[in-house]
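Sharing a structure below in structure tokens format, with a few things to ask.
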Amino acid sequence: MAQILDGKVVAQKVLAEVKAGVSALKSGSGVTPTLAVVLAGDFPPSKIYIANKKRMAAEVGIASRDFLYPGGLSQPELLALLGRLNADPGVHGILLQLPLPGGCNEDEAIAAIAPEKDVDGFHPMNLGHLLAGAPTVLPCTPAGIMEILDHYGVELKGAEAVVVGRSRIVGKPLAQLLLARHATVTMCHTRTRDLAAHTRRAEILCVAAGRPQVITGDMVREGAVVVDVGMNRLESGKLVGDVEFETAAKRARAITPVPGGVGPMTVAMLMKNTLQVARRQLGTPSPQPSPPRWERGKS
Ligand code: NAP
């Protein structure tokens with residue numbers, strides 16, 4: 001049976017580091033890192049996500065300020081709000097909960113967030129920095145996956161890594177991070193001709209397809225490390241990943257469970273990003289540079 005890559009354990013470690021960092025920042029500068037939480041519309045899952053994020057922020061000492069618009073708001077109103085938050089020195093990070101209600105343009109809204117306050121790492125400038133291998137704010141889920149792999153000592157250099165899914169928030173940035181660590185990366189998507197042929201080659205298989213249990217055990221290479229990003233609620237109410245855990249765990253060397261794998265890392269990394277952007281704005285950069293650890297040309 002595969003080793004369980006426990007995201008709750010790694011998230012606790014990250015959160016403890018963030019809590020210590022927030023405390024040091026407060027005592028050094030007298031400033032509390034502050035996250036503006038923007039929620040437009042009343043999509044029920046978004047309310048749960050926001051509640052989790054605010055609870056975690058409180059636990060590590062980050063202040064949050066709510067900008068909640070359950071009735072939605074127009075695109076010009078949203079852009080104006082983001083402009084005010086960008087200009088407010090008391091706000092260090094801006095969390096714009098997605099999806100936005102109909103009528104709002106997500107790309108335009110994300111691009112309207114000041115890159116230095118973009119705690120989700122979705123701003124085109126921050127994604128561009130990631131592509132260029134420059135220090136940046138990383139998207140939380142891919143950054144959290146890298147923390148898990150590092151925590152469990154998974155060797156990335158030269159490894160065959162396959163990423164299923166090419167979304168802007170998970171698949172694409174994850175592929176870049178793996179590439180930056182010298183994995184040989186293949187990306188799969190809905191037009192991939194023979195998905196199983198690719199996944200069976202993977203020493204590291206990361207799945208972010210949003211399709212319940214689309215990866216079955218026979219598609220997993222013997223001894224692979226499997227990272228399941230998917231979070232799918234079945235009609236029965238059960239939460240499952242994109243990987244069929246029982247069969248995949250028989251072939252994998254290590255695997256993230258759902259729940260309790262990647263999920264807890266996403267919120268932990270959001271807290272880490274909030275501390276990181278607050279430090280930058282206050283002129284007290286992180287003791288260690290944030291990933292990506294781009295080692296171009298080095299062994
Ligand atoms: P998304 O935007 O819907 O993207 C899904 C990607 O998977 C697309 O690139 C799509 O290909 C590809 N895909 C879909 N079905 C496929 C199939 N049968 N074979 C191969 N590729 C397939 O999803 P996302 O936002 O990246 O999220 C993916 C999953 O991760 C979801 O279950 C989501 O809930 C979960 N998630 C979890 C966390 C967490 O914290 N644990 C965070 C974010 C997301 P095309 O591009 O060709 O359409």
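Small disclaimer: the values here were computed from a predicted structure and weren't measured. Indexing begins at 1, ligand by ligand and atom by atom, following the structure's order.
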Proximity of Thr192 to ligand 1 by residue part, where a heavy atom lies under 4.0 Å: neither

With Ile145, the side-chain contact (heavy atoms from CB on, under 4.5 Å) member among Thr256, Val229, Leu5: Val229

Atom NZ of Lys19: over 12 foreign heavy atoms under 6.0 Å: no

Test of proximity, Gly171 against ligand 1: N or O pairs below 3.5 Å: no

Options Leu270, Ile145, Ile169, Val262, ranked by nearest heavy atom to atom 25 (O) of ligand 1, top entry: Ile169

Neighbour count above 12 (heavy atom, 6.0 Å) for Lys250 NZ: no

Any Glu59 side-chain heavy atom under 4.5 Å of Met271 side chain: no

Shortest reach to atom 21 (N) of ligand 1 by a heavy atom, considering only Arg168, His189, Arg191: His189

Candidates Leu39, Leu95, Leu85 - the one meeting side-chain contact (heavy atoms from CB on, under 4.5 Å) with Phe67: Leu85

Per-atom contact, atom 3 (O) of ligand 1, protein heavy atoms, under 4.0 angstrom: no

Side chain, backbone, both or neither: the part of Thr266 lying under 4.0 Å from ligand 1 by heavy atom: side chain

Atoms in ligand 1 flagged as close to Asn232, the criterion being non-hydrogen separation under 4.0 Å: 32 (O)

For atom 5 (C) of ligand 1, the option (of Gly165, Ala209, Gly261, Ser167) bearing the nearest heavy atom: Ala209

Nearest atoms (heavy-atom pairs only) where Ala175 meets Met187: CB-SD, 3.6 Å

Contact partition for Arg211 relative to ligand 1, non-hydrogen atoms under 4.0 Å: side chain

Carboxylate-amine/guanidinium proximity below 4.0 Å for Arg65 and Asp88: yes

Residue Arg166 vicinity, atoms of ligand 1 by number, heavy atom under 4.0 Å: 6 (C), 8 (C), 9 (O), 45 (P), 46 (O), 47 (O)

Numbering as shown, the atoms of ligand 1 that approach Val164 to under 4.0 Å (heavy-atom distance): 20 (C), 21 (N)

Check: Thr192 side chain, Leu195 main-chain N or O, donor-acceptor pair, under 3.5 Å: no

Side chain, backbone, both or neither: the part of Val214 lying under 4.0 Å from ligand 1 by heavy atom: side chain

